[in-house]
Every structure is written in structure tokens, then in C-alpha cells.
Amino acid sequence: MAGSSMKSIKLRIKSVESTMQITRAMQLVATSKLRRSKERMEMSKPYAEISREAIHAAILACGDQSVPYVSARPVQKRCYIVIAGERGLAGGYNANVFKAVAADAGETPYMVLPIGRKAIDKYQRLGVELLDTDHSHVEGLSVSACFKLVRQLTEGYLNGSFDELVLVYTNFVSMMSQEVQVERLLPVEIPEDAAPESRNVQTLYDPTPEETLMRAMPDYLAGRLYSAACDAFASEVAARRNAMDSATKNAGEMIDGLRLKYNRARQGAITQEITEIVAGAEN
Amino acid sequence: MAVFTLEIVTPDRLIYEGKAERLIVRGVTGDLCILAHHIDYATALIPGEASVTTAEGERYAACSGGMLSVHDNHVRLMATTFEWEDEIDLERAQRAREAAEQKLGSMTTADKDYALVEAKLKRALARIRTKS
């Protein structure tokens with residue numbers, strides 16, 4: 001009996017060890033990817049920030065809200081841009097994004113522009129109307145792809161296919177913490193904290209603030225989308241690194257426990273054998 | 001010469017940040033030149049040549065549209081793409097130009113993608129003009 005339990009423990013140690021090898025390899029891959037993706041994320045920030053300021057200034061200069069990108073209308077349908085991962089095994093990374101979408105959507109009907117394989121799979125399964133399913137690869141999402149997507153989105157918004165555009169992605173706060181962000185892109189909200197003095201009426205818009213806004217809006221959205229995708233990818237890699245790190249640690253602890261059990265079983269078997277031999281010699 | 005602060009950004013990186021004496025870009029209403037202490041100003045840009053003059057001299061670039069904002073002697077150029085003269089791939093631009101011209105030949109202005117292909121052609125032409 002002791003022999004068979006020793007064998008099964010040994011088998012379990014082996015299987016946990018090979019799992020640990022996989023999780024450790026994934027952790028290393030994620031760590032090496034992390035640096036590059038963080039750099040890309042940092043490089044995408046200046047454009048997103050500067051263009052946001054410029055767009056807000058232009059909206060304030062318009063005065064009224066006649067520009068379609070600014071004027072809100074009753075929401076009959078929303079469009080979500082959902083940026084999730086390409087693979088699983090990243091803790092709650094994908095699930096958190098989907099949860100946030102479901103919570104935000106409530107009862108309002110919606111369509112989705114999924115980015116990342118997991119998002120495409122998820123919303124295909126749910127049978128939600130999808131705008132496009134070509135972007136399964138978040139890491140490889142290029143600037144020009146963002147411009148193409150935004151062209152589709154602004155067209156849909158302007159011709160009334162949907163009344164609100166919402167971006168859901170995971171914001172990279174730090175290595176240890178990534179937060180899901182739900183951001184309304186269209187109609188653009190006028191920042192309430194803009195003080196009256198920052199409403200710079202002195203700025204000369206050529207030809208008009210309205211036209212400048214109509215032309216610059218797609219660029220701003222594309223920059224925002226690109227920057228969000230960079231953020232999301234860095235978050236995904238960080239989440240995977242953390243998940244794999246704790247999995248590797250767990251596996252190590254399991255192996256330690258199993259080794260202890262194995263040694264006890266071995267010791268038990270030896271003691272039993274000696275007892276049997278001694279008992280045999282006495283007879 | 002008097003200088004102003006210039007920032008040039010594209011969605012994927014910061015191209016330039018520093019002092020400049022003169023900036024020339026193509027706005028929707030025509031080419032424009034920004035010098036130090038320009039009035040507060042903003043406009044949308046279309047594809048064209050751009051030039052930046054700093055203390056080191058003048059550099060040319062191809063800019064394919066975006067937005068320009070001037071505020072308090074601080075100039076921000078948000079470009080869709082912005083390539084310095086020496087970064088331009090002339091062969092690629094020429095190929096893009098030929099492809100776009102061919103496509104445009106078989107299209108009418110009523111076509112849905114007409115504006116798109118036309119914009120491609122304009123970007124290619126801006127690159128070729130900057131390089132030559």
C-alpha cells in the first residue's frame with residue numbers, strides 16, 4: 001500500500017513541476033514584453049493629452065452645441081469599443097472588462113466594436129451586433145488601423161446608427177494595479193472644471209471653430225483609441241505576469257507539500273519493512 | 001531671432017519638443033507661417049510640406065494633416081503622420097502615388113471611397129515633394 005501511494009505522489013509532483021515550467025515560461029515572456037509595451041504606452045500619451053486639450057478648447061470656442069460631435073441626443077443605441085486580451089491566463093483581465101460593459105449598458109441596446117480575440121469571441125457568442133471583427137491582435141493594432149476604425153465609427157455616429165460611443169479598456173496604473181475605464185467618447189462632454197478664464201475667446205480659429213472641430217475630431221478619436229490600445233496591452237501583459245507569478249509560487253508550495261508527504265510515505269515504508277524483517281528474524 | 005516653444009506629436013510618438021524660430025505648415029485655407037509671438041490661433045491641417053527652423057537651421061518634413069494650435073507663444077502641431085525629409089521612403093511613396101492614381105482613374109467623385117483614395121494620393125504627393 002505504501003508503495004502505490006509513493007508512486008502516485010511522485011506522479012503528482014511531476015505533473016505540478018511541468019505545469020510550473022509552463023507558468024514560469026509565460027511569466028518570463030510577459031516580463032520581457034512588458035518593457036516594450038510600457039514604452040509604447042508612454043510614447044502614445046503626449047498626442048492623446050495635447051489633442052484632448054485642443055479639442056476641448058475648440059468646443060468651448062464654439063459656444064453653442066450645434067456641432068454634431070458635441071450635441072447630445074436621446075440614446076436609443078450605444079456603441080462600445082471593447083478592448084480585451086488576445087489570450088486568457090491573465091487573471092481577471094478579460095472578465096473585468098466584460099463585466100464593466102454589461103454594467104454600463106444596462107437595458108439600452110448596444111453594438112460592439114471588439115478589439116482582441118477574447119472580445120470578438122465573447123460578443124460573437126452573445127450574438128451582439130458587431131461592427132468589425134478584423135482586429136484580434138491588440139499588440140499589433142497600428143495607428144493607421146485606428147484611423148480606419150474611427151472613420152467607420154464617426155460615419156456610424158453621424159448617420160445615426162448609434163447615439164453614443166463608449167470606450168471600455170483597462171488603464172495601466174502600475175505594475176500591480178490595472179483599472180477598467182469606461183470613457184464616453186461621443187458626444188464629447190464639455191469639461192465642467194474648465195474655468196471661465198480658460199475659455200479663451202481670443203483664439204482665432206481658421207476658418208471657424210466648428211469646421212476645425214469637425215476636421216480634427218477623427219484625429220483626436222484615433223489618437224485616443226491608439227493610446228487606449230497601448231494602455232490595454234500593457235495592462236494585459238502586467239496582469240498575465242502577475243497571474244503567472246502567483247501561479248508559479250503556488251506550484252512551488254504545492255511541490256514542497258507533496259515532497260514532505262512523499263518523504264513521510266517513504267519513511268513509513270522503510271520502517272514497515274524493517275519491522276517485518278525484524279519480526280521475521282525473531283520467529 | 002525670437003523663438004517660441006514647439007511641440008510636434010503624432011499618435012505613436014513625440015517628434016519634436018523645443019525652441020523654434022519658424023514653422024511653416026499647410027492649413028485648410030493655405031500655407032501658413034508661424035513666428036514667435038503669433039496671436040492665439042488654431043486650424044486644421046491638410047497634407048503638405050512642412051518646415052521647422054531652429055537655431056541649427058531649417059529642416060523639411062512631410063506632414064499629412066492634423067491640427068495646429070498656438071497659445072501663448074506655445075505651438076502644438078498634432079499631425080497624423082510627420083516624417084522628416086531623411087525618413088521618407090521615396091519608393092514607397094511613389095508606389096502609393098501610382099496605385100492611388102490608377103484607382104482614381106476608374107472612379108467617379110460619387111464613389112464612396114473617392115475622398116479616401118484622393119487623401120492617399122495627396123499624402124504620397126506631399127512626401128514626394130518634400131523629398132525632391
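Note on naming: letters A, B, ... go to the chains in the order of the sequence lines (proteins, then strands), and numbering restarts at 1 for each one. Just so you know, these numbers use all the heavy atoms, side chains as well, and skip hydrogens, waters and symmetry mates.
Dense packing is recorded around OH of B:Tyr16, with more than 12 heavy atoms of other residues, nucleotides or ligands lying under 6.0 Å away. For B:Lys122, the NZ atom counts as loosely surrounded, since its 6.0 Å shell holds 12 or fewer non-hydrogen atoms of other residues, nucleotides or ligands. With a 6.0 Å radius and a threshold of 12 heavy atoms from other residues, nucleotides or ligands, B:Met1 has its CE atom above the threshold. With a 6.0 Å radius and a threshold of 12 heavy atoms from other residues, nucleotides or ligands, B:Gln102 has its CD atom at or below the threshold. Annotation for A:Arg184: atom CZ counts as buried by contact number, over 12 foreign heavy atoms lying within 6.0 Å. Atom NZ of B:Lys103 is surrounded by 12 or fewer heavy atoms from other residues, nucleotides or ligands within 6.0 Å.
When each of B:Val28, B:Leu32, B:Leu45 is checked for heavy-atom pairs under 4.5 Å with chain A, B:Val28 comes out on top. Highest contact tally toward chain A, considering only B:Thr81, B:Ile39, B:Thr29, B:Val70, is held by B:Thr29 [criterion: heavy-atom pairs under 4.5 Å]. Taking chain A as the reference chain and counting heavy-atom pairs below 4.5 Å, the highest number among B:Ala42, B:Ala79, B:Ala44 is found for B:Ala42.
Side-chain atoms of A:Ser44 never come within 3.5 Å of backbone atoms of B:Asp12 as a donor-acceptor pair (strictly under, hydrogens ignored).
A:Asp206 and B:Tyr41 get closest at one heavy-atom pair: OD2-OH, 2.7 Å. Pairing each heavy atom of A:Ser51 with each of B:Met78, the nearest pair is CA-SD, 3.5 Å. Of all the heavy atoms in B:Val9 and A:Ile50, the pair that sits closest is CG1-CD1, 3.9 Å. Nearest approach of A:Gly223 to B:Pro11, heavy atoms of both residues: CA-CB, 4.3 Å.
Using a 4.5 Å cut-off between heavy atoms, A:Arg151 touches chain B through its side chain atoms alone. In this structure, no portion of B:Leu68 lies under 4.5 Å from any heavy atom of chain A. Contact of A:Glu53 with chain B is made through the side chain alone, with heavy-atom distances under 4.5 Å. For a residue to count as touching a neighbouring chain, one of its non-hydrogen atoms must lie under 4.5 Å from one of that chain's; by this rule A:Ala54 touches chain B with backbone and side chain alike. Of the two parts of A:Phe147, only the side chain, counted from C-beta on, holds a non-hydrogen atom closer than 4.5 Å to a non-hydrogen atom of chain B. Contacts between A:Glu155 and chain B at a heavy-atom distance below 4.5 Å involve the side chain alone, from C-beta outward. Using a 4.5 Å cut-off between heavy atoms, B:Glu7 touches chain A through its side chain atoms alone.
Separation of atoms CD (A:Glu42) and CG (B:Leu14) is listed at 12.0 Å; rounding is to 0.5 Å. With values rounded to the nearest 0.5 angstrom, A:Tyr226 atom OH is found 8.5 Å from B:Thr10 atom OG1. Taking CG from B:Asp40 and OH from A:Tyr205, the interatomic distance works out to 9.0 Å, rounded to the nearest 0.5 Å.
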Quick one: do B:Met67 and A:Thr212 satisfy side-chain contact (heavy atoms from CB on, under 4.5 Å)? Show the steps, please. CA-CA 8 Å; B:Met67 188 181 171; A:Thr212 308; 3.9 Å; yes

Test side-chain contact (heavy atoms from CB on, under 4.5 Å) on A:Arg215 and B:Ile46; report intermediate values, then the result. CA-CA 10 Å; A:Arg215 280 175 179 274; B:Ile46 57 171; 4.2 Å; yes

